[in-house]
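Reading through the structure tokens given below for one structure.
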Amino acid sequence: MSEVREARELPYDRLKAYEGQPVATAGAGKDPVNEPMIRHWCEAMGDANPAYRGPDAIAPPTMLQAWTMGGLSGHTDRSGAYDELFGLLDGAGYTSVVATDCEQEYPRPLRPGDRITFDAVIESVSERKTTKLGTGHFITTRMDVRADGEPAGTHRFRILKYAPAARMTKAPEETAATEETAAAEETAAAEETAAAERPKAPEQPKARRPRPVINRDNAGFWAGVETHRLLIQVCGGCGTPRFPWLPGCRGCGSPEWHTVEATGAGTVYSYVVMHHPPFPAFDPPYAVALIELAEGVRMVSNVIGVPYDKVRIGMPVELEFLRVDGEWELPVFRAGGGVAG
């Protein structure tokens, strides 16, 4: 058996020297803040906050990075420091990358017509860390965003540049067929017979699915699921249904609410097919769908009863409850009629 070769350890002071080096200087957004992009964003997110519409509209704060993106053609004002750092890590064997998290701050709202400029810098490079994915370095990039010259936001984006954890693979010479002598064949047959008579080793238990994070804001939802009821919050102020559960209404701000039970009817509003990264509790590829319920809210769930490549937008689905690991219930949706061939 042979292993994937480990990445070479780099002197940390060589990596740390990249901290503070610019990634982009005086970058400019390709478009000013504009109403069509705000509308598309809100439709995709299902966000009906009235603050994002009308003559005094502002942009959703979480759109901050969207105004700085270069699109398919990219930006031409990026410095070489970031590419140099990536090249150094690639050369040492840290060839994989995964985004880990981001942080944003919003000093002032963005409004249609604002012209966006930004500077970006490599804020930090971590020492070598070992994670479940593999060994590598966390790189944090900070982007300072301005609107018409005024500070408008800060966006920190963190990635892990890593070498995948080693996996055991068979060497070619170990898998090549070899001639066996008659004595070896007899020995193998005897061992096979003896093995068949021995009690079989217990199979390894299947990996468990991730558990939901239950807190005081969503405990009522999961209590409903436990009794096979999908409960939707309804604002006590404006009557707007909402999902996921929140402590207050995004529209009118009222903290009052009650629940209605979903009928279970819905359609596939959108979906993705997951191929990577692999997760022990799931067998890729599989479909993850955004389901629009008859009550007008949307939720992310699995579609069952149909192959992943037969899921379609607009497909009718019905709510079911899946017993997971013999311990808890999970709402899923079974494909109904009209399945595409």
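Position 1 is the first residue of the sequence, and the numbers go up from there.
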With side chains defined as the heavy atoms from C-beta onward, is the minimum distance between [X] and [Y] less than 4.5 Å?
X: Asp114; Y: Trp67; answer: no
X: Trp328; Y: Arg211; answer: yes
X: Gln65; Y: Cys102; answer: no
X: Val33; Y: Ile38; answer: yes
X: Leu88; Y: Tyr94; answer: no
X: Lys161; Y: Asp90; answer: yes

State whether the side chain of [X] and the backbone N or O of [Y] hold a donor-acceptor pair below 3.5 Å, judged by distance alone.
X: Thr240; Y: Cys249; result: no
X: Glu19; Y: Val125; result: yes
X: Asn218; Y: Phe221; result: no
X: Arg312; Y: Val268; result: no
X: Asp83; Y: Gly80; result: no
X: Asn49; Y: Ala51; result: yes
X: Thr100; Y: Arg158; result: yes

Assess whether atom [atom1] of [X] is packed by more than 12 heavy atoms of other residues, nucleotides or ligands within 6.0 Å.
X: Glu226; atom1: CD; answer: yes
X: Arg115; atom1: CZ; answer: no
X: Arg323; atom1: CZ; answer: yes
X: Arg108; atom1: CZ; answer: yes

In Å, rounded to the nearest 0.5 Å, how long is the span from [atom1] of [X] to [atom2] of [Y]?
X: His155; Y: Glu103; atom1: NE2; atom2: CD; answer: 10.0 Å
X: Glu84; Y: Leu89; atom1: CD; atom2: CG; answer: 12.0 Å
X: Glu261; Y: Thr227; atom1: CD; atom2: OG1; answer: 7.5 Å
X: Thr135; Y: Glu9; atom1: OG1; atom2: CD; answer: 9.5 Å
X: Arg142; Y: Ser124; atom1: CZ; atom2: OG; answer: 10.0 Å
X: Tyr308; Y: Lys310; atom1: OH; atom2: NZ; answer: 10.0 Å

Cluster overlap [X] with [Y], hydrophobic side-chain contacts below 4.5 Å:
X: Tyr162; Y: Leu85; result: no
X: Ile304; Y: Leu230; result: yes
X: Leu246; Y: Leu290; result: no
X: Trp41; Y: Ile58; result: yes
X: Val121; Y: Ile139; result: no

*Pair Arg146 + Asp144, salt bridge at N-O below 4.0 Å*: no
*Arg111/Asp148 salt bridge by N-O under 4.0 Å criterion*: no
Nearest heavy-atom pair of [X] and [Y]: which atoms, and what distance?
X: Leu330; Y: Trp222; result: CD1-CH2, 4.2 Å
X: Tyr52; Y: Cys42; result: CD1-SG, 3.7 Å
X: Glu295; Y: Thr263; result: OE2-N, 3.0 Å
X: Ala287; Y: Asn302; result: O-ND2, 3.4 Å
X: Leu322; Y: Arg209; result: CD2-NH1, 4.2 Å
X: Ala335; Y: Val306; result: CB-CG1, 3.7 Å

_Before you tell me yes or no, could you show the steps for Trp257 and Trp245 under side chain to side chain contact (heavy atoms under 4.5 Å, CB included), namely the whole-Å CA-CA distance, both residues' side-chain angles and the distance that decides it to 0.1 Å?_
CA-CA 10 Å; Trp257 55 271; Trp245 280 36; 3.6 Å; yes
*Mind running side chain to side chain contact (heavy atoms under 4.5 Å, CB included) on Arg128 and Leu10 for me, showing each step along the way?*
CA-CA 9 Å; Arg128 194 161 101 142; Leu10 292 167; over 6 Å; no
*Evaluate the side chain to side chain contact (heavy atoms under 4.5 Å, CB included) criterion for residues Leu293 and Phe333: first the C-alpha distance (whole Å), next the side-chain angles of each, then the deciding distance (0.1 Å), finally the verdict.*
CA-CA 11 Å; Leu293 299 177; Phe333 290 85; 3.7 Å; yes
_Derivation and outcome, side chain to side chain contact (heavy atoms under 4.5 Å, CB included), residues Asp101 and Phe138_ = CA-CA 11 Å; Asp101 63 292; Phe138 290 94; over 6 Å; no
*What orientation do Tyr12 and His137 show, parallel under 30°, tilted 30 to 60°, or perpendicular over 60°?*
parallel
